[in-house]
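Structure, as structure tokens:
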Amino acid sequence: MTLLTLKDLKKHFGSQEVLRGASLTIDPGSKVGIVGRNGGGKTTLFRMITGEEHPDWGSITLRKKARLGFVPQRPTFGAGITVRGYVESGLDEVRELIARFEKVGEDMGHASGDELERLMRQHDELNTEIESLGGWDTERATDTVLSGIGLKTELWEREARTLSGGEKNRVLLARELVCGHDLLLLDEPTNHLDIEGIEWLEKYLHELQGAVLIISHDRRLLQNGVGQILEMEYGQLTSYPGNYSKYIQLKAERYETDKRAYDQQQEFLKKEDSFIKKHMGSQRTAEAKGRAKKLSAVVRLEQPHHDVRRPVIKAPEAVRGGELVLKAEGLTGGYTDNVLFENVDVRIGRGQRIGVVGPNGAGKTTLIKIIADRLQALAGTVELGHGAVGAYYDQDTSFLRQDGTPFSEIYRHYPEMVDVEIRSHLALFLFRGKDVDKPVPALSGGERARLALAILVLTKPSWMALDEPTNHLDLASRTALEEMLGSFQGALLCVSHDREFLDGLCDHMIEVSDGQVREHAGNYTSWRNAREEEQFAASEARAKAAAEAKKRAAQDAEKAKKKATKSKGPRNPYMFEKLEKRIMKLEGKLESLHAACATEDVFRDADKLRDKQYQIAEVEAELEEANETWANWD
């Protein structure tokens, strides 16, 4: 049964037609990505599904009793509400169902006949409903999600309202992920996640039983996390089966097919019209009239869209300097009460392309700000190479004046440019007509990013430091930025959570994590593979050490057992033998769990690894109790 149906939706904001007949159907369990230009109506579509907006025309039908989830735009938390408490509130429904399930189970023990059959049916229905909400392990769900999205454990018991903006958004996302909705709407869910959080989210969404509708510009998420792409273009929705790369292929094929059909029809219409004009009033008038009648009945094909609107970003001319662009030595960054990293050395060579990765809050932005001379280091030195000239892109675009416009901001930085030059330059970044005089506070995140890039490329640097340059950019703008940076002849230092961006541009990675900075030669995928191999080797070493420790403990226990057996026989030999068998069984189970943790299938899956670790802790506690009972047996 269809979960959601949108039929012929139309929506206007003033004279702007945002939706002009958009339709779609979502089936249970579907994982669907929505792509399209910023301002194209994607968020408006979500707001209509949730009831915050209403269409001017058309219908929205959600399956009866279907649970709809979405992340609120403005986080609000009451006084005294902790992070864990807020997230766990999303489990209230499943907890109530579990309580009813257990009560029905108790009642079944005292029922018979028709009443028993009724209770059995109710028991089965409740079980099915509980599983649809995410199963029975509700207590572990909160820990799993909070850890997965990258919220540190020390924040879990803090008041949610005291968190930073990004942390609050992650808490809102966590609550919706644990709820077990039939349909979950996610609008740019990766914006506040680090790379590990994004990769965890991909896997989590893939395993969710409910349907998910995701607005995203993260190409890797659209590649790995969805099975259908909806493109919003010119107010309509077009569906493409498969992931992002399949969408790119099918979109190109559809355009070529539609264009060929359109061109063929235009040629046919032109020939028929020419024949009618030529022979109307001649001996072939009857034939001309017949053709004209047939022609009036032909359904005209619309000219297919091929939206080529995207910024035309030309790479700045790089000043050629020496082989060494920059050398930083002994850097310590952060604050006096919160040092993020210490004694860090970084060297940037001419033409080198470096990606900077690491968890949120680890110090990535702090590091590149120090290197780009935008922040004072607590210790250490930064020395520029011969002729090195740097340019810095700040993700918060705070340097833009609130009383400015795109035109005035270009003129403020480059007063030698004349009116026509400024307007022509801004047009390359899609600021045209009245847009060039739009107040900075009224600009969207994507427009602010494009304006910042428009200013940056007018410099002539030998190297650039970029802090999250793809944030707020749609797919077309990201492609244009990557093409520009790919042709830039200077060095690059980029903080980014966009894995596609890092893979395509960077040949060197710097990881900032746990107060340390580590370097790796290669792109993002190469670094990720090397890191997983290191973690796998470390896990194997831990498992081996645990196995050896267990073996020594078993040997010591065996010696103690023999000594005790010689001194006197145990009280109640049957129960003692049963206890020993139980201990051996627990030891075998513990060994199997440790061995499982060292397997690639478990190690590379954070959820499976965490589950095994929980089981290990439970078995170890049980084994410790059994050994204590054995040691004190008399």
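Below, each value reflects all heavy atoms present in this structure, side chains not excepted, and no hydrogens, waters or symmetry copies.
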message: Under the criterion side chain to side chain contact (heavy atoms under 4.5 Å, CB included), I'd like the reasoning laid out for His413 against Phe399: C-alpha separation, chi angles, the key distance, then a yes or no.
response: CA-CA 11 Å; His413 288 84; Phe399 70 93; 4.2 Å; yes
message: With side chain to side chain contact (heavy atoms under 4.5 Å, CB included) as the criterion, how do Glu500 and Thr470 come out once you've worked through the C-alpha distance, each side chain's angles and the decisive distance to 0.1 Å?
response: CA-CA 11 Å; Glu500 196 75 16; Thr470 62; over 6 Å; no
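Between Tyr244 and Asn224 the shortest side-chain heavy-atom distance does not fall below 4.5 Å. Counting heavy atoms from C-beta outward, Val87 and Val145 have side chains that stay 4.5 Å or more apart.
Between Asp474 and Ser477, the side chains place a donor N or O and an acceptor N or O closer than 3.5 Å (distance only, hydrogens not considered). Side-chain contact check for Ser239 and Gln228: at least one donor-acceptor pair (N or O, by modelled atom type) lies under 3.5 Å. In this model, a donor atom of one side chain and an acceptor atom of the other lie less than 3.5 Å apart for Ser398 and Asp396. Side-chain N/O atoms of Asn243 and Ser245 include a donor and acceptor closer than 3.5 Å. Between Thr162 and Arg158, the side chains place a donor N or O and an acceptor N or O closer than 3.5 Å (distance only, hydrogens not considered). Thr405 and Asp437 are not linked by any side-chain donor-acceptor pair at a separation below 3.5 angstrom, with hydrogens and angles left out of the test. A donor and an acceptor atom, one from each side chain of Ser89 and Arg175, are located under 3.5 Å apart.
Scanning both residues, Ile455 and Glu409, for their nearest heavy atoms gives CD1-CB, 4.1 Å.
Ion pair Lys369/Asp467 not flagged as a salt bridge, since none of the NZ, NE, NH1 or NH2 atoms sits closer than 4.0 Å to an Asp/Glu carboxylate oxygen. Between Asp507 and Arg353, none of the side-chain N atoms (NZ, or NE/NH1/NH2) sits under 4.0 Å from a carboxylate O, so this pair counts as no salt bridge. Salt bridge Glu199/Arg220: absent, no basic N to carboxylate O contact under 4.0 Å.
In this pair, Trp200 and Tyr204 present their aromatic rings parallel. The plane angle is below 30°, not in the 30 to 60° band.
Checked against the 6.0 Å centroid criterion, the rings of Phe46 and Phe70 do not qualify as a close aromatic pair.
The side-chain contact (heavy atoms from CB on, under 4.5 Å) search around Glu519 returns His508, Ile510, not counting sequence neighbours.
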